[in-house]
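Have a look at the structure below before the remarks.
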Amino acid sequence: MTKRHIPYVVSSAVVLGTLLGATPASAAHPVHVVHPGESIQKAVDAARSGDTVLVQAGTYHESVKVTTSGITLRGVGPATVLEPAAPKAASTAKTAKTARATETAQAQKSCAEQGNGICVVGTKTEPVRNVTLADLAVTGFSRIGVVAVGADGLTVRGVTADRNGQWGIAEERSTRSVYRNDTARSNGDAGLFLANTISAEQGATDTGGTVLDHNRLADNRIGITVRRLRNLTVKHNVLTGNCAGLFVVGDENKPKAGALTVSHNLIEQNDKYCAATARLPFLQGSGIILTGADDTLVTHNLVSGNSGASPLSGGIVLFKSFVGATSERNRITANSLAGNGPADLVNQEATKSSNVFQRNLCRASKPAGLC
């Protein structure tokens, strides 16, 4: 952002107050306005806690890294679009200074070098806190559209993430996040992916109450993946046209995934075919899958038209983990299910397990008697 815009920003605080929920100019934090052709990253780097970076409509060919707590990065809706920058030609000449810079880059690659669109990054000892991302689109990145690592109190609202190579929106080692009114579609793996950590095998961690609310997940491999996490809520989301709708994943590590609530979601026609991977068999026709999870409440969901021949297929499925991790004390109650195959309710756990199926409206189950 160039200096010539600063007077405009300050004088416009009252005009923008209604849009941004800001207080009058005398008390408001600065609003850094970015126009097409200008750098979002420069504005983010100039922002301080409490500031807003407002990105006008246009297509911006860059990745953005946020490391400052308390800032808001927002667009004006789907017309504010982040896409990958054109690759730069490599130079063979190296000075001592550039060699040192290369070593630093290898130790901590930039957001763009990792193939990501927006990165919110804290450290293991000092999370980045209370960052808000809102009202913009992130599309076409080779890995992740929006990713948070080491964040606390993150809000992602009204963001569209589509056609990214791996995940649409993802987080790890983060707590107390809110994902609301976001859209993730046509991403290579999960639309929304939340995990304790991506690179290591360890027990589930407590999110402190993360919420996924009123999001739309369509045409991804998996709509939502929750991996090795506890204490979060997935509610009022629409998951459709994925190979699998919602996947809660635990394993033999302790503590297990679970202690979460899945409620009032519309999960229908997730019957796209996705080939097997090194981790999972082929996916098709899965509504909600729990594997290696404990103490999860699945209630008041509408689950229909999820049908396939995968070992994971069915409306609501308790899947016997490939690594032998059982699911215990889960409650599947008061859900409405129809037209799922091979059955509306599928329980692959032991007959005498502590999982409870009750008051579900459905026609077919495996084994029989769960409806």
Quiz item: Which distance, rounded to the nearest 0.5 Å, do you find between the CZ of Arg157 and the CG of Asp213?
Solution: 12.5 Å

Quiz item: Do Cys274 and Phe282 have side-chain heavy atoms sitting under 4.5 Å apart?
Solution: no

Exercise. For the residue pair Val146 and Asp182, establish whether any side-chain heavy-atom pair is separated by less than 4.5 Å.
Key: no

Exercise. Could you tell me whether the side chain of Glu126 reaches within less than 4.5 Å of the side chain of Arg129, counting heavy atoms only?
Key: yes

Quiz item: So do Ile332 and Val356 actually touch side chain to side chain, heavy atoms under 4.5 Å?
Solution: no

Return all side-chain donor-acceptor pairs below 3.5 angstrom for residues 336-343, not counting sequence neighbours, or 'none' if the list is empty.
{"unit_1": "Asn340", "atom_1": "OD1", "unit_2": "Gly305", "atom_2": "N", "d": "3.4"}
{"unit_1": "Asn340", "atom_1": "OD1", "unit_2": "Asn306", "atom_2": "N", "d": "3.0"}
{"unit_1": "Asn340", "atom_1": "OD1", "unit_2": "Asn306", "atom_2": "ND2", "d": "2.9"}
{"unit_1": "Asn340", "atom_1": "ND2", "unit_2": "Val303", "atom_2": "O", "d": "3.0"}
{"unit_1": "Asn340", "atom_1": "ND2", "unit_2": "Ala338", "atom_2": "O", "d": "3.3"}
{"unit_1": "Asn340", "atom_1": "ND2", "unit_2": "Asp344", "atom_2": "OD1", "d": "3.0"}

Exercise. Begin with the C-alpha distance, continue with both residues' side-chain angles, and end with the deciding distance and a verdict on side-chain contact (heavy atoms from CB on, under 4.5 Å) for Val346 and Phe319.
Key: CA-CA 8 Å; Val346 178; Phe319 179 70; over 6 Å; no

Quiz item: Is there a chain of hydrophobic side chains (I, L, V, M, F, W, Y, each step under 4.5 Å between heavy atoms) that links Val128 to Ile71?
Solution: yes

Self-check item: Pairs meeting criterion salt bridge (Lys or Arg N to Asp or Glu O under 4.0 Å) with involvement of residues 357-371, two or more places apart
Solution: none

Practice problem: Using side-chain contact (heavy atoms from CB on, under 4.5 Å) as the criterion, point out the one residue from Glu328, Arg331, Arg329 that pairs with Asp295. | Solution: Arg329

Self-check item: Path from Val66 to Val149 over hydrophobic side-chain contacts below 4.5 Å
Solution: no

Self-check item: Nearest heavy atoms of Ala244 and Ile289, plus distance in Å
Solution: CB-CD1, 4.4 Å

Quiz item: Got a donor-acceptor contact below 3.5 angstrom from the Thr59 side chain to the Val81 backbone?
Solution: no

Quiz prompt | Arg279 vs Val249, side-chain contact (heavy atoms from CB on, under 4.5 Å): CA-CA, chis, key distance, verdict | solution = CA-CA 12 Å; Arg279 184 181 289 269; Val249 184; 5.9 Å; no

Exercise. Calculate, to the nearest 0.5 Å, the distance between atoms CG and CD belonging to Asp271 and Gln284 respectively.
Key: 6.5 Å

Quiz item: Can any side-chain N or O of Ser313 pair as donor or acceptor with the backbone N or O of Pro311 at less than 3.5 Å?
Solution: no

Quiz item: Going by an N to O cut-off under 4.0 Å, is there a salt bridge joining Asp219 and Arg185?
Solution: no

Quiz item: Is there a chain of hydrophobic side chains (I, L, V, M, F, W, Y, each step under 4.5 Å between heavy atoms) that links Ile198 to Ile144?
Solution: yes

Practice problem: Answer yes or no: is there a side-chain heavy-atom contact under 4.5 Å between Tyr179 and Glu171? | Solution: yes

Quiz item: Hey, does Asn335 have a side-chain heavy atom less than 4.5 Å from the side chain of Val298?
Solution: yes

Quiz item: Heavy-atom distance under 4.5 Å between the side chains of Leu194 and Leu212, does that happen here?
Solution: yes

Self-check item: Lys256/Thr326 under side-chain contact (heavy atoms from CB on, under 4.5 Å): CA gap, chis, key distance, verdict
Solution: CA-CA 10 Å; Lys256 289 183 179 179; Thr326 59; 3.2 Å; yes

Exercise. State whether the side chain of Ser174 and the backbone N or O of Ala151 hold a donor-acceptor pair below 3.5 Å, judged by distance alone.
Key: yes

Exercise. Measure from the side-chain N and O atoms of Asn242 to the backbone N and O of Leu217, and report whether any donor-acceptor pair falls under 3.5 Å.
Key: yes

Quiz item: What distance separates Asn265 CG from His300 NE2, expressed to the nearest 0.5 Å?
Solution: 12.5 Å

Quiz prompt | Verdict with reasoning, Arg216 to Thr183, per side chain to side chain donor-acceptor pair (under 3.5 Å) | solution = CA-CA 5 Å; Arg216 182 173 180 83; Thr183 298; over 6 Å; no

Quiz item: Is there a path of hydrophobic side-chain contacts, each under 4.5 Å between heavy atoms of I, L, V, M, F, W or Y residues, that connects Trp167 with Ile169?
Solution: no

Quiz item: Any chain of hydrophobic side-chain contacts (each under 4.5 Å) joining Leu229 to Leu154?
Solution: yes

Quiz prompt | The single option from Thr210, Asn130, Asp152 passing side-chain hydrogen bond (donor to acceptor under 3.5 Å, both in side chains) against Arg176 | solution = Asp152

Exercise. Working to the nearest 0.5 Å, report the span between CG of Leu318 and OG of Ser327.
Key: 5.0 Å

Self-check item: Shortest non-hydrogen contact from His35 toward Tyr60
Solution: C-OH, 3.3 Å

Exercise. Please tell me if the side chains of Arg180 and Val211 come closer than 4.5 Å, counting only heavy atoms from C-beta onward.
Key: yes

Self-check item: Check ion pair Asp206-Arg230 (N to O, under 4.0 angstrom)
Solution: no

Exercise. Apply the test side-chain contact (heavy atoms from CB on, under 4.5 Å) to residues Thr80 and Asp135: give CA-CA distance (whole Å), side-chain angles for both, the deciding distance (0.1 Å), then the verdict.
Key: CA-CA 8 Å; Thr80 300; Asp135 303 326; over 6 Å; no

